[in-house]
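Take a look at the structure set out below.
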Amino acid sequence: MRTGKNGDVYQLVAPAPDGGVLLQRLDRGGAPAGTAQIVPGSHFAALAQSVEAEERPRWVWQRTTDWYPRLLAAGVEVQRCHDLTLSAAILAHSAFVAGSGYTPSIPLGSPLDEPDSGRSGWPGQHQDALFEARTPGVDADEAVAELGAQLGAVSGSPRRQRLALLLAAESAGALAAAEMRRSGVPWDAEVHDALLVERLGPRPRGTARPALLEAKAAELRGLLASPHLNPDSPQELLRALHRAGIETNSTRAWELRKFTHPAVAPLLEYKKMARLLAANGWSWLETWVSEGRFRPEYVVGGVVTGRWASRGGGAMQIPAEVRSAARALPGHRLVVADASQLEPRVLAALAGDEAMAGAARGRDLYAGIAAAGFGGDRAQAKVALLGAIYGATTGESGRLMPQLARLYPQAVALVEQAARDGERGLAVTTHLGRSTPPPSPRWLASQRTTSAQEQHRADAIARDRGRFTRNFVVQGTAAEWAECWMADLRGRLRRIRSRGHRAELVYFLHDEVVIHAEESVAEDCAAAVQDAAQTAGRLLFHHAPVEFPLSVAVVESYDHAK
DNA sequence: GGATGGGGCGCG
DNA sequence: AAAGCGCGCCCCATCC
């Protein structure tokens, strides 16, 4: 991706008075080189375009979400950036810079209060206004100082390479997130509407239940002999269930499935239909799909572990039921790729567990582990391993732990150590250097207990934190792998586009990406996504003998993948 | 009337 | 099939 010796030049972007934009070239140490330029907002995009084409700098800005959506709207795509806020959030807690004296000098903010939230944040009509009337951020001097502090903290770290990779990946992720929001997932509203009609009945006026849902409610009222029951009210529903002799403690689907009463099946169907209507029904379609695209907003760094969150439209919970509406345009394909059993593989690599890496050498890691020590029982192997990663102590998973520990002592020791550290209030850290935030006030308060009863409670709180830190190292490192994967893929897709073809990332979900591409380059994209996975594995773990296989499908609609 | 918390369920 | 991680978002019930 590097494009020559200018690759390490930084280009600062900061707000200037009167709605202008300040541009300042910085050397590779982050120090100003030459004089700053102040340009009117209306000239910024054109200037940025030429700087990007000539120098390919690393753009430095307080927040990618402040600037990049507007650049994209003006037709400017950039290759690389350094997002000061995302980087500060990582460095603020990272154990890899502990003792460096680094403290963020810019507001970290909550990832949830972005200036660009809401769909109105997408301009396009008034080019001149693109870079004006924005929320003022830190000024150029403050940004330069913060960049210097960050670069200093990284270069002084015993883990400087890993940290630098993490900051680069996170910043590249921010670029990809803005680009994906611009592109959106191609969404066929007619297909979606048709499946809603089939499942729920025609769209009703107002807030009435659709006919098939109402019919299901009526059936339920009959079977439970509760003529006025509103099945949407858990309290009413629970009382009605009890009256009918169904002694359940909750209205959860998996609890209800234990009972054989004739009302159970219709109730589960009702819940499924009601959920579809509420979460992905016609109002979802109206709110989140426009011009044939579903445009969610990704929140990079929105999850403590480093995973992305999303805002609006439940982008990361698109149910299987409606995925048939995600369709490639005519002459195009969706290239859907997901990393197979990413978290267990990451654990094997993290722990340097050769035995587990060996079991992971095939396509199906769980089958490999089952063959190695669970009598070929794949389901058992999976439960045991997921239990180790999530911290299960009871049930089948808990019982299988000793067996797993005998097979893979190094991998199990790693997650056990993370759990013990967390219980004691210590921080744990991912492979590239994202550390847990300090213990919660709740945990701290639990340390000051006296009575036996309070101690019991305190132990429970400690165990809660242990499960969190246990999972953090694995989930967080998996998120790093995925972000590196996507960042590298992004560069490869750009090269495919430069040959004159359409190929863009349109969706990202923890360990899965979707590319929308012209049919003629779909196979090139499939190859690119594989190559990017190899690169990600090497970037994080060098030549550790762990494979990260993908399943890749070239399809017309999302539901046809895997 | 709006804010908040819990139950529930979708995704990984 | 089920009890253990991370989320977003729906509805309802309750509080202010």
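Order of the sequence lines sets the chain letters (A, B, ...), proteins ahead of strands, with each chain counted from 1. Hydrogens, waters and symmetry mates play no part in the numbers below; they use all other heavy atoms, side chains included.
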statement: When rounded to whole Å, the CG to C1' distance for the pair L256(A) and dC9(B) reads 13 Å
message: Please determine whether a side-chain nitrogen or oxygen atom of T251(A) lies at a distance below 4.0 Å from atom OP1 or OP2 of dG8(B).
response: yes
statement: In whole angstroms, the gap separating P of dC5(C) from CG of D511(A) amounts to 19 Å
query: Looking only at side-chain N and O atoms, does K271(A) come under 4.0 Å of OP1 or OP2 in dC9(B)?
result: yes
query: With nearest nucleotides of DNA chain C determined for Q475(A) and E236(A) from heavy-atom distances, which residue corresponds to the more 5′ nucleotide?
result: Q475(A)
Proximity to the side chain of S250(A) - top-ranked nucleotide from dC11(C), dG8(B), dT14(C): dG8(B)
Nearest-nucleotide pick for R275(A), side chain only, options being dG8(C), dG4(C), dC11(C): dG8(C)
field: Ring-ring centroid check W284(A) F294(A), cutoff 6.0 Å
entry: yes
- prompt: Is there a donor on the side chain of R307(A) or the base of dC7(C) sitting less than 3.5 Å from an acceptor on the other?
  reply: no
- prompt: What residue among R243(A), R221(A), R239(A) forms side chain to side chain donor-acceptor pair (under 3.5 Å) with S226(A)?
  reply: R243(A)
message: Is the ring pair W308(A)/Y298(A) parallel, tilted or perpendicular, if the boundaries are 30 and 60 degrees?
response: perpendicular
query: For L167(A) and L91(A), what are the C-alpha separation, side-chain angles and deciding distance, and is it a side-chain contact (heavy atoms from CB on, under 4.5 Å)?
result: CA-CA 9 Å; L167(A) 300 192; L91(A) 295 175; 4.1 Å; yes
field: Atom-to-atom span, OH of Y270(A) to P of dG8(B) - whole angstrom
entry: 15 Å
message: Looking at S310(A), I'd like to know whether one of its side-chain N or O atoms comes within less than 4.0 Å of OP1 or OP2 on dC7(C).
response: no
R467(A) side chain near dC5(C) phosphate (N/O to OP1/OP2, under 4.0 Å): yes
field: S397(A) vs V383(A), nearer the 5' end of DNA chain C by closest nucleotide
entry: V383(A)
- prompt: What is the distance from atom CZ of R467(A) to atom CD of E423(A), rounded to the nearest 0.5 Å?
  reply: 9.0 Å
- prompt: Would you say K272(A) reaches dG10(B)'s phosphate, i.e. side-chain N/O to OP1/OP2 under 4.0 Å?
  reply: yes
task: Find the partner of dG2(B): check Watson-Crick (N1-N3 plus N6-O4 or O6-N4) and G-U wobble (N1-O2, O6-N3) distances, both under 3.5 Å, and reply none if neither fits.
output: dC15(C)
